[in-house]
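The structure appears below as structure tokens.
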Amino acid sequence: MKAIRRFTVRTVLPEPLRPLDELVRNLRWSWHHETRDLFRDLDPALWDAVGHDPVRLLGEIAPERLTEVAADRRFLRRLQDAADDLRDYVTGDRWYQEQTGGPAAIAYFSPEYGITSALPQYSGGLGILAGDHLKTASDLGVPIIAVGLLYRHGYFAQSLSPDGWQLERYPPIDPNGLPLTLLRESDGTPVHVSVGLPQGHALRAQVWVARVGRVPQLLLDSDVEDNDPAARDITDRLYGGGGDHRLLQEMLLGIAGVRAIRAYCRITRHPAPEVFHTNEGHAGFLGLERIRELVTEDGLTFDEALEATRAGTVFTTHTPVPAGIDRFPRELIAKYFGGVNEKAGVPSERILELGAETYPGGDLSVFNMAVMGMRLAQRVNGVSRLHGVVSREMFGGLWGGFDTGEVPVGSITNGVHAGTWVAREILDCGPPASDVPETDLWPIRRTLRARLVDEARRRLRESWRVRGASEAETAWIDTALDPDVLTIGFARRVPSYKRLTLMMRDPERLRAILLDPDRPVQIVIAGKAHPADEGGKRLIQDIVRFADSEDVRHRIVFLPDYDMALGQALVQGCDVWMNNPLRPLEACGTSGMKAALNGGLNLSIRDGWWDEWFDGQNGWAIPSADGLSAPDRRDALEAAALYELIEDHVAVMFYDRDAAGLPRRWLEMVRHTITTLGPKVLATRMLRDYVEGYYRPAADAARALAADGHAGARELASWKHRVLKAWPGVTVEHVESSGEETLHAGGDLTIRAVVDLAGLDPSDVAVEAAYGRVDDTDALTSPSYVPLTGADPLPDGRARYTGRIPLARSGAYGYNVRVVPSHPNLAGPSELGLIALPPTPEGLTNGNLR
């Protein structure tokens, strides 16, 4: 008989052990080794049995053992030291407190968070990145408040059928059995936030609070009695359902998430956020709620509230493909934001405009969440340098008329949280780990490889048991893998572009690599396909069937139920991290960063972060056949290159040992990798980049527009209205230069232009000369800009501008003249997507975004 409801009975701790409750309720234990040591020593065998989850440990430990430990003075001293250390950590000044001018608080919204496998609220890279963002914010003292949803069934637990097909199950999660507390009013009443629905109904949610070190994380849960059964299931699964269900999840995250923050700040007196960071488009509706607040509470118009909201909003895109973006039918958005649910001053038509694909190739029948996110944010970024380039191309239509290089989408390359992902043996070496003698580093790498082998065998044995194998059929697992064999890791989500099965392009060649008698290779593979992705499941099945072959199953394994715990074992234990996506479809990818910090080397297509930081000495780049239009041919070429690199370079260097048994050349690459990549791939670098390049400028912009009763927002909205109305008449009527016959390097060229400002004031625009080298089609390559000044008045509202172009180098040069809007509260010249150029043979003079 199955239980109809799950609940958790908490352990009553003896008084001397009460600080354990404080330690377990702060998720800092997930990356703080000394605290984890304390929990382990309560009951080492049980600690292993519960998967190193201190919440489960305290729930299952025997009362007799607690009584025994409560009388252990040495343990109690360690416990008090740990509690004191946590209090110092969450209250003391850190890096951020030494800075000036930063926002008092930043709200960070994400649909998923990978904090620890004990809190399964993540599916892949987006959530793991969000978790590392919070942990690093805590370590640096950056005052982030995080918002997400609490999924009662998480993502899914993965297993395999006897024939290797992915199976999914959704184990229930009891929030009372997690390190969470309900947000309550001073009288103990649970806080409820809600979102309006059609026909006057409402979707309600309670707010669970997790402590991620110094960072409060608010998780909204719709499983409350006030909701009907369908509404209670809105937060059932991460990325579950479609249509209305998915839209309601995102409305809850964005709209109710802002309301949860307001309640949290009111109750705890936490400073209100000045900056809102939207991690992907799923949370984009938070901007609509902030607009509504400003309209209803501060009396701003929609346009004025839009400017005030944009100034303090940062939007990060993580997808390099349109298919990765949430898009809803316009009719569905109108259903939920129109009619009786329409808010005064926030008309549904204006909302629909924000998500409209009003650019060449766009679909006017859909509402695009990423497009809305970009229109609601003054600062937008991708997550690697290459992804920034891809994003500028992908979304360039929103800023039509500007060259791709000027599309206002920047980039901050992701980073990883060392405390979470770097093995303790490496951390204990102290920074920098590259100073560790090779005679010490090689044994550490062997230890980590052996630990991975043990974990792989445990998981493999459990997987075969679930698939129906008898104990006799699993005896071979005792010798599967080898702690002294070159180990390659490959683990990720399983969409088609990540090419899980590229390594199997030539099965016989792969078999020969695995079974080489002198330089054998073993591969540990993990990954989940989305439950609705039949193609991804077939790829997993193909890998599993190959790995089940009796001749190679000791050299290649697929481990189901990829989670953070397995991810840690993989990135710490693998010698090589392999990644072979279709370039440029990997936005960043951070697993290879984690491997590098642990002394692993990368073997990857030059995509995402690896395109940016591969230097020829920190791993190997798989040649990419980008230009080929035939996918099958491209896969064949890249697979052949992969095999050759493993056979002739990776394996040769790994097994090339000196008289002391050390692979000297290999270890030189490892030390170089740790030295050069270490500072770059850390999330501390990433978060400082966000603070200095995005959070602080956004806070400054928001303050400027909010001052004096939002006078700046009112003025900016009025200015934009005037400029947008006049812009179709702004033209560059005539351009001329003088002195071309005597040009030489080190000189300059005088430019004059006549511009019709269509009634705008000269201060409303910037007139600039774009100049630089030209290619064979006379296109400017990487142009520079110099302002043209003067604005000498001419008849009929025209003005003459002049300037000089510096000629620093010899060669083929070119120039053009443009007019762009100019205002002190714009983040850059392309923000409005407006540009006026001289007439072209096609007659084009203006580019216009909106």
Side-chain angles (χ1 to χ4, degrees), residues 8-94 115-119 135 138-139 141 174-181 209-217 417-431 440 444 447-448 451 454-455 564-565 568-569 572:
T8 301
V9 180
R10 294 187 179 274
T11 299
V12 178
L13 293 170
E15 184 63 34
L17 300 181
R18 289 294 171 86
L20 284 172
D21 190 62
E22 180 183 355
L23 293 175
V24 80
R25 288 183 178 275
N26 192 308
L27 290 166
R28 186 201 185 202
W29 58 256
S30 67
W31 73 90
H32 191 250
H33 291 291
E34 288 76 10
T35 303
R36 293 171 66 83
D37 288 346
L38 196 70
F39 285 117
R40 179 201 61 208
D41 291 346
L42 283 171
D43 189 328
L46 182 59
W47 176 249
D48 288 337
V50 298
H52 300 175
D53 178 353
V55 181
R56 287 184 58 196
L57 177 81
L58 293 184
E60 298 182 22
I61 194 168
E64 304 80 42
R65 176 57 181 162
L66 290 177
T67 301
E68 179 184 349
V69 174
D72 184 337
R73 293 184 179 181
R74 183 177 179 184
F75 183 89
L76 294 179
R77 284 195 298 271
R78 290 174 59 203
L79 174 59
Q80 191 58 52
D81 288 345
D84 290 344
D85 181 74
L86 176 61
R87 295 184 195 111
D88 290 343
Y89 173 84
V90 299
T91 59
D93 287 350
R94 307 189 77 79
I115 307 295
T116 167
S117 54
L119 189 62
K135 295 172 186 177
S138 176
D139 290 343
D174 177 17
N176 292 296
L178 298 173
L180 305 171
T181 56
V209 182
R211 305 297 308 189
V212 186
R214 301 166 67 106
V215 173
Q217 183 189 25
H417 183 254
T420 298
W421 300 106
V422 179
R424 189 168 186 178
E425 289 84 352
I426 300 289
L427 290 175
D428 287 347
C429 292
D440 294 337
I444 290 174
T447 297
L448 299 179
R451 185 180 300 157
D454 289 342
E455 177 66 7
M564 288 185 69
Q568 287 167 329
Q572 292 170 11

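If you're wondering where the values come from, they're calculated on a predicted model, not measured in any experiment.
When all heavy atoms of Glu455 and Ala569 are compared, the closest pair comes out as CG-CB, 4.3 Å. Between Leu178 and Ala118, the closest heavy-atom pair is CD2-O, 3.4 Å. Contact record, Leu79 with Pro16: CD2-O, 3.6 Å, taken as the closest heavy-atom pair. Considering all non-hydrogen atoms of both residues, Arg211 and Pro216 come closest at NH1-CB, 3.6 Å. Taking both residues in full, the closest heavy atoms of Gly213 and Asn26 are given as N-OD1, 2.8 Å, listed atom of the first, atom of the second, then distance. Nearest heavy atom pair, residue Ala210 against residue Leu27, reads CB-CD1, 4.1 Å.
The side chain to side chain contact (heavy atoms under 4.5 Å, CB included) test applied to Ala83 returns Pro19, Glu22, Gln80, Arg87, not counting sequence neighbours. Residues meeting the ring-ring contact (aromatic ring centres under 6.0 Å, His included) test with His52, sequence neighbours left out: Trp47. By the side chain to side chain contact (heavy atoms under 4.5 Å, CB included) test, Ala423 pairs with Glu425, Ile426, Leu448, Gln572, Asn598, sequence neighbours left out. A search for side chain to side chain contact (heavy atoms under 4.5 Å, CB included) contacts involving Asp85 returns Arg28, His32, not counting sequence neighbours. Remark: Ser30 engages no residue in a side-chain hydrogen bond (donor to acceptor under 3.5 Å, both in side chains) (not counting sequence neighbours). Checked against side-chain hydrogen bond (donor to acceptor under 3.5 Å, both in side chains), Trp29 has no partners two or more places apart in sequence or in another chain. Judged as a ring-ring contact (aromatic ring centres under 6.0 Å, His included), and not counting sequence neighbours, the contacts of Trp31 are His417. Under the salt bridge (charged side-chain N to carboxylate O under 4.0 Å, His left out) criterion, Asp81 pairs with no residue, sequence neighbours left out. Looking at residues two or more places apart in sequence or on another chain, you find a side chain to side chain contact (heavy atoms under 4.5 Å, CB included) between Asp440 and Val436, Pro437.
Considering CZ of Arg78 and CG of Asp37, their distance stands at 6.5 Å, rounded to 0.5 Å. If you take OG1 on Thr35 and NE2 on His33, they are separated by 10.5 Å, rounding to the nearest 0.5 Å. To the nearest 0.5 Å, atom CZ of residue Arg40 and atom CG of residue Asp48 are 9.5 Å apart. Residue Arg36 holds its CZ atom at 9.0 Å from CG of Asp53, rounded to the nearest 0.5 Å.
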Residue pair Ile444, Cys429: steps toward the side-chain contact (heavy atoms from CB on, under 4.5 Å) verdict:
CA-CA 10 Å; Ile444 290 174; Cys429 292; 3.7 Å; yes
Give the intermediate values and the outcome of side-chain hydrogen bond (donor to acceptor under 3.5 Å, both in side chains) for residues Tyr89 and Asp139.
CA-CA 8 Å; Tyr89 173 84; Asp139 290 343; 2.5 Å; yes
Report the C-alpha distance between Leu58 and Asp21 in whole Å, list the side-chain angles of each, state the deciding distance to 0.1 Å, and finish with yes or no for side-chain contact (heavy atoms from CB on, under 4.5 Å).
CA-CA 9 Å; Leu58 293 184; Asp21 190 62; 5.8 Å; no
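Judged by distance alone, the side chain of Arg18 and the main-chain N or O of Leu13 form a donor-acceptor pair under 3.5 Å. Lys135 places a side-chain N or O within donor-acceptor distance of the main-chain N or O of Ile115, the cut-off being under 3.5 Å. Side chain of Gln568 to main chain of Thr420: a donor-acceptor pair is present (N/O by atom type, distance under 3.5 Å, no hydrogens or angles).
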Which donor-acceptor pairs under 3.5 Å do the side chains of residues 59-70 make with protein atoms, sequence neighbours left out?
from  : atom 1 : to    : atom 2 : distance (Å)
Arg65 : NE     : Leu42 : O      : 2.5
Arg65 : NH1    : Glu68 : OE1    : 3.4
Arg65 : NH1    : Glu68 : OE2    : 3.1
Arg65 : NH2    : Asp41 : O      : 3.1
Arg65 : NH2    : Leu42 : O      : 3.3
Thr67 : OG1    : Pro63 : O      : 3.1

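The shortest distance between side-chain heavy atoms of Val24 and Leu57 does not fall below 4.5 Å.
Legend: ring pair (Phe, Tyr, Trp, His ring centres under 6.0 Å) pairs involving residues 68-88, not counting sequence neighbours: none detected.
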